[in-house]
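Inspection log for the structure reproduced underneath, given as C-alpha cells.
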Amino acid sequence: MIDTSGRAADLRELTLRGIILGGLITLLFTAANVYLGLKVGLTFATSIPAAVISMAILRFLSGATILENNIVQTIASAAGTLAAIIFVLPGLVIVGWWQGFPYWTTAAVCFIGGTLGVMFSVPLRRALVAGSDLPYPEGVAAAEVLKVGSRAGDGAEENQRGLRTILLGSLVSAGFALLGAMKLAATEIGRNFKIGAGASGASASLSLALIGVGHLVGLSVGLAMLLGMLIAWGGLMPVLTAAQDVAGSVDDVVGAVFSQQVRFIGAGTIGVAALWTLFKIVGPVVRGIQGSIASSRARGAGETVALGERDLSFGIVVGTILGSLVPIAGLLWFFAQGGPIAAHPAGVIAATLVFVLFVGAIIAAVTGYMAGLIGASNSPVSGVGILAVIAASLMLLFFFGRNHSEADTAALVAYALFTTAIVFSVATISNDNLQDLKTGQLVGATPWKQQFALVIGVGFGSLIIPPVLDLLNQAFGFAGAEGAGANALPAPQAALISALAKGVLGGDLRWDLIGYGALIGVVVIAVDELLGRLGKMRLPPLGVGMGIYLPMSLTILIPIGAAIGHLWEKRAARSAKPEFYSRMGVLLATGFIVGESLFGVLFAGVVAGSGSDAPLAVVGEGFATNAILIGVLLFVGVIAFTYRRTRAAADATP
C-alpha cells in the first residue's frame, strides 16, 4: 500500500531504490524510443507508463509514497525526450562523416546538452508552471495516475490492471513483429502506379506501434497528418512525376521524386509551422521570464520559500551552465580536427558557444511553453531542430563562405550537425522538464529534487543511446547513407536535417521547393486559425508538414490509430470511471509501441550477429502473397482482440 498521509516533507521522495527503478525503466524505454524514432520519426511519452510500472512494483515494498513514484516517472521521462537526439546524430552517418557512433562522444553530447536543458528550464518553472494557466495535458494526466495509484484498494487494483494492459500490448505487438521477421506475415504492403502522365503510390506498414502512436497523438494531429499525406501523394506526386520519364521503372521515379522534391516541400511546411509557433509564444515567454526574475529577487530578499517552491539554487544553475562550456568547447575542438575549422578554431568555437547559450536559452523557453500548451509528445521539437540547423549552417557560412573542396564542405556540414545535436539535447529535455514539474506541483513534490532526478535520468539515457544507435546502424543502416540496404531505417528527421545543412553550406539547396512548402504552411496556418476562431477542431500545421514529409507507409496508420483512440475516448466518457478507462487505452497504445520497438532492437542484434537481412525467415519469397493475406487479417484481428480485451478489463474494474 502506498502511503500519502502527512506533510510532503515527511514522505520518502528521492530514494536509492526509486533512482534504480527509474534508471532501469529509462534504459528500457530509451532503447524502444530510439528504434521508433528512427523508423517513423516520432517518439512516445513515457511518464504515465513509468508511473504505472513504478506503482505496481513499489507497492510490494514498505513505505512507498506518491512522491517516490513521482521521482521514478521523472527519471524515466528522460527516455521519451532525450531519445529524440536521434533526429540529428544519425545525420553524421548519413553524410558519411561517422561510420558509427563513438561511445563517449555521443554520450557526452547527450548528457551535457540534456543537463543544460534542465538548467535552462529551472528559472522558467515559476512563470510557466506555478504562475501560468497552461494546461500541461501530459503532466496533469501523470499526476492523476499517481493520485489514483496512491489510494488503497481500487487504486492498487487499477495499477495491476494497467500493468497487465501494457504487457498485453507489448507481447502482442512483439509477437506480430516476430511473425513478420519470420516472413510468415507481411509487415508492409503497397505498390506504385501511373496516374495520367505522372505517377504516385499507396503503401502501409502493418505496424501496431503506428496504431499506438495514432492513439496517443489524438484525432486532430491524425487528421492533419492525413491531410498532409493526401497533399503529397494525391497532389504533389502526380504533378512532379509528370515532368519525369515514367516510361521505365515507376518505382524508381516515385522514390526519387519523393525523396528529392516532396520531402523538401514538407520541410518548408514544417519550418513555417515552427516559426509561427515561435511567433505566437514570444510575448508569453518574455512575460514569464520577467515574472521568474522578479520571484527570484523576492526570495533573495529573505522571503520564506515553501517546500513546493524550492528550485535548484541560482548559483548551481548558473555554475552548471557556465561550467558546461568547458567540455562543450573540448568536444567541438576535438570534433573539428581534420577540417577547415582546425586551422583557426578559436573564433568559430567561441561563436558556437555563444550560439549554444543564446539559442539554447530561447529553445528552453519555447519548447517548455509548447509542452505546457499541447504536451511534450505533440510539441514540434523537430521543427525547432530544423531552424537550429539552418541557423548553425548560416553561422558557418558567415565564417567560411562557399566554394570549398568537397572534403571541407563535408567537414563544415558535420560540424553544423554536431552543434545542432547539442542544442537539440537542450530542446528535448527542456520540453520535458516543465511537464514533470507540473506533475510534481500537483502531487506536492519538491522541485529541486525533481530537477536533480531528471539530470540522473539524462545520465541513464546517455549511457544507452550510443550502443543502441550503433547496433541499429550495423544491423540496418540509415536511408541515404552509403551502403544502406533495402531494410535501412528511414531516420526521417536526421535525413532532412543533414540535407538542409548540406544544401545551405553547399549552395545547392532547393529554396524553391522549400518556398512551395512554406506557402502550403501559410495556407494551413490560416485555416487552423479560422477553425480556432470558429471553435472547431484544430488542424496543427506541423502535423500537415509531417504528413507531407513522411512516407505514406509510415503515415497512413497514424490517422487510423487516432480514429480508434477517438472512439475509445468517446466510450470512456460514457463509462463509470472515465479517467481510468481513458488511461487503459493509453497504456495499451504504449504497450504496442514498447513491444514492437524492443523487438526491433533485439532483432537488430540478431541481424548484426548473423550477417543476414532475414535471419529468422522460415519461408521463401514464394510465400509472399500468402504472407500479405495473413498479415492483413491478423493485423486487424489483433487490434480488435486487444482493444476488446482492454475494454473488458476496464469495465470489470470495481
Measure the [atom1]-[atom2] distance between [X] and [Y] for me, rounded to the nearest 0.5 Å.
X: F478; Y: I94; atom1: CZ; atom2: CD1; answer: 7.0 Å
X: Q441; Y: L434; atom1: CD; atom2: CG; answer: 11.0 Å
X: L24; Y: L28; atom1: CG; atom2: CG; answer: 9.0 Å
X: L437; Y: L442; atom1: CG; atom2: CG; answer: 11.0 Å
X: L489; Y: L469; atom1: CG; atom2: CG; answer: 10.0 Å
X: I66; Y: I71; atom1: CD1; atom2: CD1; answer: 12.0 Å

For [X] and [Y], indicate whether the former's side chain and the latter's backbone hold a donor-acceptor pair under 3.5 Å.
X: T105; Y: P102; result: no
X: S121; Y: V118; result: yes
X: T30; Y: L27; result: no
X: S425; Y: G113; result: no
X: Q450; Y: D436; result: yes

Residues 328-344 side chain polar contacts: donor-acceptor under 3.5 Å, at least two apart:
unit_1: Q337; atom_1: NE2; unit_2: W333; atom_2: O; d: 2.8

On a heavy-atom basis, which atom in [X] and which in [Y] lie closest, and how many Å separate them?
X: C110; Y: V458; value: O-CG1, 3.9 Å
X: P90; Y: L38; value: CG-CD2, 3.7 Å
X: G114; Y: I429; value: O-CG2, 3.4 Å
X: S393; Y: A416; value: OG-CB, 3.8 Å
X: A421; Y: L89; value: CB-CD2, 3.8 Å
X: F111; Y: S462; value: N-OG, 3.2 Å

Mind checking what makes side chain to side chain donor-acceptor pair (under 3.5 Å) contact with [X], not counting sequence neighbours?
X: S54; answer: N69
X: T320; answer: none
X: D470; answer: none

Quick one: are [X] and [Y] in side-chain contact, heavy atoms under 4.5 Å?
X: T74; Y: K449; value: no
X: I75; Y: L454; value: no
X: L357; Y: V354; value: no
X: N473; Y: V93; value: yes
X: T269; Y: P541; value: no
X: L417; Y: W98; value: no

- Query: Is the number of heavy atoms from other residues, nucleotides or ligands within 6.0 Å of CZ (F452) greater than 12?
  - Reply: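 It does not: F452 CZ has 12 such atoms or fewer within range.
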- Message: If you count heavy atoms of other groups shown closer than 6.0 angstrom to CZ of F358, is the number above 12?
- Response: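 Atom CZ in F358 is not packed in, count stays at 12 or less.
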- Message: Checking side-chain polar atoms at under 3.5 Å, does Q435 have a donor or acceptor matched by the opposite partner on K438?
- Response: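 Short answer, no.
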- Message: What I want to check is whether the side chains of E13 and T65 have a donor and an acceptor closer together than 3.5 Å.
- Response: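 The criterion, which ignores hydrogens and geometry beyond distance, is not satisfied for T65 and E13.
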- Item | Qualifying residue for side chain to side chain contact (heavy atoms under 4.5 Å, CB included) with F101, from T106, L471, L472, V468 |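 Of T106, L471, L472, V468, side chain to side chain contact (heavy atoms under 4.5 Å, CB included) with F101 is met by T106 alone.
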- Just one of L500, L394, V413, V504 clears the side chain to side chain contact (heavy atoms under 4.5 Å, CB included) bar with V389, so which one?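 Exactly one candidate clears the test, L500.
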- Message: Quick one, M395 with F400, criterion side-chain contact (heavy atoms from CB on, under 4.5 Å). Give me CA distance, side-chain angles, the key distance, then yes/no.
- Response: CA-CA 9 Å; M395 177 188 71; F400 297 98; over 6 Å; no
- Message: I'd like to know whether L463 forms a side-chain contact (heavy atoms from CB on, under 4.5 Å) with Y103, so could you lay out the CA-CA distance, the side-chain angles of the two residues, the decisive distance to 0.1 Å, and finally the verdict.
- Response: CA-CA 8 Å; L463 293 175; Y103 185 87; 3.5 Å; yes
- Message: Tell me every residue that passes salt bridge (Lys or Arg N to Asp or Glu O under 4.0 Å) with R17, counting only those two or more places apart in sequence or in another chain.
- Response: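 E68.
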- Task: Show your reasoning for whether side-chain contact (heavy atoms from CB on, under 4.5 Å) applies to M119 and V455.
- Result: CA-CA 9 Å; M119 297 302 147; V455 173; 4.2 Å; yes
- Item | Contacts of Y415 that satisfy ring-ring contact (aromatic ring centres under 6.0 Å, His included) - sequence neighbours left out |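 If we apply the ring-ring contact (aromatic ring centres under 6.0 Å, His included) test to Y415, skipping adjacent residues, there are no hits.
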- Criterion side-chain contact (heavy atoms from CB on, under 4.5 Å) on T26 and I456, from CA distance to verdict: CA-CA 10 Å; T26 299; I456 295 174; over 6 Å; no
